[in-house]
Number of protein chains: 2
Amino acid sequence: MQQILFDFLTKYVPLTEAEKNAIVSLDIFRSVKKGTVLLREGQITKESYFVLKGCIRKYYVLEGEEKTTAFYTEMEGLTPHCVASQMPSEYYVSCTEDCILIVSNADMESEVNGKFPKFDTLCKILSEERLGKQQIDFDAFKTSSPEQRYLNLLQSRSDLIQRVPQHQLASYLGIKPQSLSRLRARIIEKSKE
Amino acid sequence: MQQILFDFLTKYVPLTEAEKNAIVSLDIFRSVKKGTVLLREGQITKESYFVLKGCIRKYYVLEGEEKTTAFYTEMEGLTPHCVASQMPSEYYVSCTEDCILIVSNADMESEVNGKFPKFDTLCKILSEERLGKQQIDFDAFKTSSPEQRYLNLLQSRSDLIQRVPQHQLASYLGIKPQSLSRLRARIIEKSKE
DNA sequence: CTTCTTTCTTAACTTAAGTGAACGAGTTGC
DNA sequence: GCAACTCGTTCACTTAAGTTAAGAAAGAAG
């Protein structure tokens, strides 16, 4: 399991054996059961989550309704907003599948950064990469209709459509579950012609 | 003008006189006329833009139509996706007003970072702050209707509604100009009751 | 000042998403 | 095995956004 992490990291920066051992000694690997809530609305945490296996989900509860805004799967990470702001979280984070996660602590990170400046560079690269990717995603969302968004998802992250409940997918696409059902029926109808 | 920049920067990290002089000597301040296109689709640039005064706008041209996805006003910055990827840009950047900008070059930045490691820290803080803010914005966009988005904009960035053409605002809200007109009329109608 | 263009609004009509309700399939728990 | 629950789908109806077109208002150019 650790090897998966090292394979991922060394794509960005080379790591010495000492550095690898330092990472392992942090004891950050954690197995989590499906349905576990990692963060609740109102909580303040210093933990960030990185998915090695499985899928975690971020959602708001607005007027009693769950609104899913993001899924994180293999090799994707989530640092809750409240980690930086130290304000109560506006949203929940939970596991939609059994997961193997890396759970890291903000304090711990700064300590590691002190010892290995390389990690600072790594964090900067990763955060800028994510910022760029997210901007593209946001732009695509703004400029397309629900149907286009669904077709787009089918292209870019078709695994999500298989592994995630439809009603969670719906709010991820910015619509209601009924509309997603209808939209899918419409697409199938079109493809028959 | 330079003082505005220093005031902004020293909110994040303290700066020595030497560092301030180093910044000034880079000759990065630029006055730009309204309507100037800073980046075109298909171009590859290494320039980032930071707005000291005025407003710049990011837009796609899809099927002959302009789709505005972001505005950057005072103390906001834009690093085009193509700076990191070195792939042709998918979008345009232009000035919606006369602007005073800081135009910085990726090569230049790494040079400055070498001399003053503090700037590396500053970049990391700024990029993480922007990432967090953008995630919140994206979530709010996904979980709300066009009308709610407009009311939200009225609260959080009412200046934009005054200073930016309606048809650009419309695609920023993910709708057509006609729908924005109608939506505004609807809101006024409601408030009369 | 006049002309041309861009921008904004309004209207009628079409299309798609929201809403509320109902139904069957699959789970869970007793 | 049966009741309770969740989940996905379908239907009828309502509401809002897309589309096409036309006209008024404001700006820019000559």
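Please read all numbers here as calculations on a predicted model, not as lab measurements. Each chain gets a letter, A, B and so on, in the order the sequences are listed, and its residues count up from 1.
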Can you measure A:E63 atom CD to C:dG18 atom C1' for me and round it to whole angstrom units?
14 Å
Contact list for DNA chain C against residues 141-163 of chain A - heavy-atom distance below 4.0 Å
A:P146
Sugar-phosphate only, base, or nothing, as touched by A:R186 at under 4.0 Å among non-hydrogen atoms
sugar-phosphate
Calculate the interatomic distance between A:E189 atom CD and D:dT9 atom C1'; express it in whole Å.
15 Å
Just the rounded figure in Å: distance from C1' of D:dG18 to NZ of B:K67.
10 Å
Atom-to-atom span, CG of A:L173 to P of C:dG18 - whole angstrom
11 Å
Salt-bridged, A:E189 to A:R184, with N to O below 4.0 Å?
no
Establish, yes or no, whether a centroid distance under 6.0 Å links the rings of A:F138 and B:F141.
yes
Nearest of C:dT10, C:dA17, D:dT10 to any side-chain atom of A:L183?
C:dA17
Counting distance only, does the side-chain N/O of A:T96 pair as donor-acceptor with the main-chain N or O of A:C55 below 3.5 Å?
yes
Looking only at atom types and distance, does a side-chain atom of B:E76 sit under 3.5 Å from a main-chain N or O of B:T73, one as donor and one as acceptor?
yes
Listed nucleotide nearest any side-chain atom of A:Q178, set C:dC8, C:dA17, C:dT19
C:dT19
Could you state the CD1-C1' distance from A:I188 to D:dG8, rounded to the nearest angstrom?
13 Å
Does a distance-only test, which skips hydrogens and angles, find a donor-acceptor pair under 3.5 Å between the side chain of A:R184 and the base of D:dG8?
no
Say whether, by atom type as modelled, one donor and one acceptor occur between the side chain of B:E74 and the main chain of B:G54 under 3.5 angstrom.
yes
Terminal axes of the helix from C:dC1-D:dG30 to C:dC30-D:dG1 (five pairs each): angle between them, nearest 10 degrees
50°
Taking the six-membered ring for Trp, are B:Y172 and B:Y150 ring centroids under 6.0 Å apart?
no
Could one point to a donor on the side chain of A:R182 or the base of D:dG8 with an acceptor on the other under 3.5 Å away?
no
State which of D:dC7, C:dA17, C:dC8 makes the closest approach to the side chain of B:H167.
C:dC8
is_close_aromatic(B:Y92, B:Y60), centroid dist under 6.0 Å:
no
When you measure from the side chain of B:Q166 to the backbone of B:L180, do you find a donor-acceptor pair of N or O atoms at a distance under 3.5 Å?
no
Spacing of A:Q166 atom CD relative to D:dT10 atom C1', expressed in whole Å:
15 Å
B:H81 side, atom NE2; A:D139 side, atom CG - distance, nearest 0.5 Å:
10.0 Å
A:L180 CG to D:dG8 P, straight-line distance once rounded to whole Å:
9 Å
Can you confirm whether or not the ring centre of B:F29 sits under 6.0 Å from the ring centre of B:F50?
no
Of the listed D:dG18, D:dT9, C:dA17, the closest approach to the A:S179 side chain comes from C:dA17
Rounded to whole Å, the NZ-C1' distance (B:K176 to C:dT9) equals 17 Å
